[in-house]
Student: 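Submitted below is the structure of interest, expressed as structure tokens.
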Amino acid sequence: GAPRVLWAAAAALTVAWVAGPRRGVGRAKGGETALLFNWHPALMVASIGLWTEAALQFAAYGGGKRTHAAIHAMATTTATVGVTAAWLSHVLHAPPIPSLYTPHALLGALTLTSVYAQAALGAASFLWPGASPAARASFAPAHRAAGKVALALTAATAAAGFQEKAAVLLVERGVPPRSATIALPAGAALLLAGSVTAALLKLMGGGGGRDGPPPGFRPVPAADSPH
């Protein structure tokens, strides 16, 4: 579908940017952390694709709650590693670079916090055998709504991050505005926004998606019921 195609295109542009103008990924060496930082955009774009897939698997593609949870776990782990790479690239840089002061960083903190909260509440409500069917039914609409908000935040955070990096390269390093160093992340940001928008439309019922149980849903005992 459109969300997958647009995300794949965004991922391809991100890989081209990281492997080309950004000179790949690696570790910090002698206070130089550019290659360490490059893990951040690569892993965060991957995590956005996984978060989108997790939501669509359950709400639109007929996947069960365990598939939904497993893909979300992979996405959240990937994002956590990506954020850690960015933080370490600031801490290990000579001199150290401040963290959590730009719109991108603050949006990222808000997004990751919302994802962690969604994961914890979702696991407690839908995977924990002790949760009653009534409690699950009452929490499900809030879980779906909060998930859509979190997914939208991922696209906003990515766009802010690509824009922030482009501004640094343009202003501080004099990179030509029409170079691949600027054009590739700009294209990736637009494609990611398109992918997430297409996914949200599908989740809200546009394009054949659903906002309820997946196709073929049948009630099962409380310990294994889907949300």
Side-chain angles (χ1 to χ4, degrees), residues 3 7 10-11 13-14 17-18 22 25 27-28 33-55 68-125 139 142-172 185-186 188-197 199-200 203:
W7 174 82
L13 290 185
T14 303
W17 180 57
V18 168
R22 297 293 301 164
V25 297
R27 297 178 297 175
T33 60
L35 297 184
L36 174 60
F37 173 83
N38 287 346
W39 285 106
H40 178 66
L43 292 173
M44 299 315 291
V45 168
S47 68
I48 291 173
L50 288 169
W51 275 321
T52 303
E53 184 68 20
H68 175 75
I71 300 174
H72 261 306
M74 288 189 290
T76 304
T77 301
T78 301
T80 301
V81 175
V83 169
T84 301
W87 177 74
L88 287 175
S89 75
H90 288 184
V91 172
L92 299 177
H93 190 271
I97 301 172
S99 298
L100 286 177
Y101 71 96
T102 65
H104 169 63
L106 295 173
L107 266 175
L110 175 63
T111 301
L112 207 56
T113 300
S114 68
V115 167
Y116 286 147
Q118 273 283 88
L121 292 172
S125 299
F139 180 64
H143 184 64
R144 289 195 295 266
K148 294 184 184 74
V149 172
L151 193 56
L153 281 172
T154 65
T157 303
F162 281 130
Q163 174 58 35
E164 178 185 308
K165 196 63 180 178
V168 170
L169 294 171
L170 284 167
V171 176
E172 294 185 3
L190 288 173
L191 289 165
L192 275 179
S195 174
V196 170
T197 300
L200 289 171
L203 290 170

Student: Rounded to the nearest 0.5 Å, how far does CZ of R27 lie from CG of L35?
Tutor: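 So the CG of L35 and the CZ of R27 are separated by 11.0 Å.
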Student: At their closest point, which heavy atom of A85 faces which heavy atom of W39, and how far apart are they?
Tutor: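 Heavy-atom minimum between the residues: CB-CB, 3.8 Å.
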Student: If the condition is side chain to side chain contact (heavy atoms under 4.5 Å, CB included), which residues does A166 pass it with, not counting sequence neighbours?
Tutor: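 So A166 forms a side chain to side chain contact (heavy atoms under 4.5 Å, CB included) with I182.
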Student: Please check this pair: side chain of S89 against backbone of F37, looking for a donor-acceptor N/O pair closer than 3.5 Å.
Tutor: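 Here the side-chain-to-backbone pair does not exist.
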Student: Locate the shortest heavy-atom distance separating A10 from A188; write the atom from each residue and the value.
Tutor: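 Closest approach of A10 to A188, heavy atoms only: CB-O, 3.6 Å.
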Student: Which pair of heavy atoms, one from A199 and one from T52, lies closest together, and at what distance?
Tutor: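 Heavy-atom minimum between the residues: CB-CG2, 3.4 Å.
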Student: With a 3.5 Å distance limit and no angle check, can you tell me whether W7 reaches the backbone of A46 through a side-chain donor-acceptor pair?
Tutor: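 Not at all, since once roles are kept as given, no pair shorter than 3.5 Å links the two residues.
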Student: Would you name the heavy atoms of V45 and A11 that are closest together and state the gap between them?
Tutor: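 Shortest heavy-atom contact: CG1-CA, 3.9 Å.
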Student: For A79, enumerate each residue passing the side chain to side chain contact (heavy atoms under 4.5 Å, CB included) test, keeping only those at least two apart in sequence or located in another chain.
Tutor: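 Listed in chain order: M44, S47, W51, L112.
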Student: The criterion is side chain to side chain contact (heavy atoms under 4.5 Å, CB included); which residues satisfy it with S99, sequence neighbours excluded?
Tutor: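 With sequence neighbours excluded, S99 shows a side chain to side chain contact (heavy atoms under 4.5 Å, CB included) to W87, H90, given in chain and number order.
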Student: Could you give the distance from CG (L88) to OG1 (T33), rounded to the nearest 0.5 Å?
Tutor: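 With rounding to 0.5 Å, CG (L88) is 9.5 Å from OG1 (T33).
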Student: Specify whether H68 and H72 have parallel, tilted or perpendicular ring planes, treating 30° as the upper limit for parallel and 60° as the lower limit for perpendicular.
Tutor: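 H68 and H72: perpendicular rings.
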Student: Just to verify, what does V18 make a side chain to side chain contact (heavy atoms under 4.5 Å, CB included) with, not counting sequence neighbours?
Tutor: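 In terms of side chain to side chain contact (heavy atoms under 4.5 Å, CB included), with neighbours along the sequence ignored, V18 is linked to T14, V25, N38, P41.
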Student: Going by side chain to side chain donor-acceptor pair (under 3.5 Å), name the residues that satisfy it together with T80, two or more places apart in sequence or in a different chain.
Tutor: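 Y116.
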Student: By side chain to side chain donor-acceptor pair (under 3.5 Å), which residues pair with T102, not counting sequence neighbours?
Tutor: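 Expected list: E164.
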Student: Restricting to non-hydrogen atoms, name the atom on P3 and the atom on S195 that form the minimum distance, rounded to 0.1 Å.
Tutor: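 The pair with the smallest heavy-atom distance is O-OG, 2.7 Å.
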Student: Donor-acceptor pairs are to be reported for all side-chain atoms of residues 153-163 against protein atoms at under 3.5 Å, with residues two or more places apart or in another chain.
Tutor:
residue, atom, partner, partner atom, Å
T154, OG1, L151, O, 2.5
T157, OG1, T111, OG1, 3.0
T157, OG1, L153, O, 2.8

Student: Applying side-chain contact (heavy atoms from CB on, under 4.5 Å), run through K165 and W17 and close with a yes or a no.
Tutor: CA-CA 12 Å; K165 196 63 180 178; W17 180 57; 3.9 Å; yes
Student: Taking all atoms of both residues into account, what is the closest heavy-atom pair of R22 and A34, and its distance?
Tutor: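 Where R22 meets A34 most closely, the heavy atoms are NH2-O, 4.1 Å.
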Student: With salt bridge (Lys or Arg N to Asp or Glu O under 4.0 Å) as the rule and sequence neighbours excluded, what pairs involving residues 33-55 come up?
Tutor: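 Found R4-E53.
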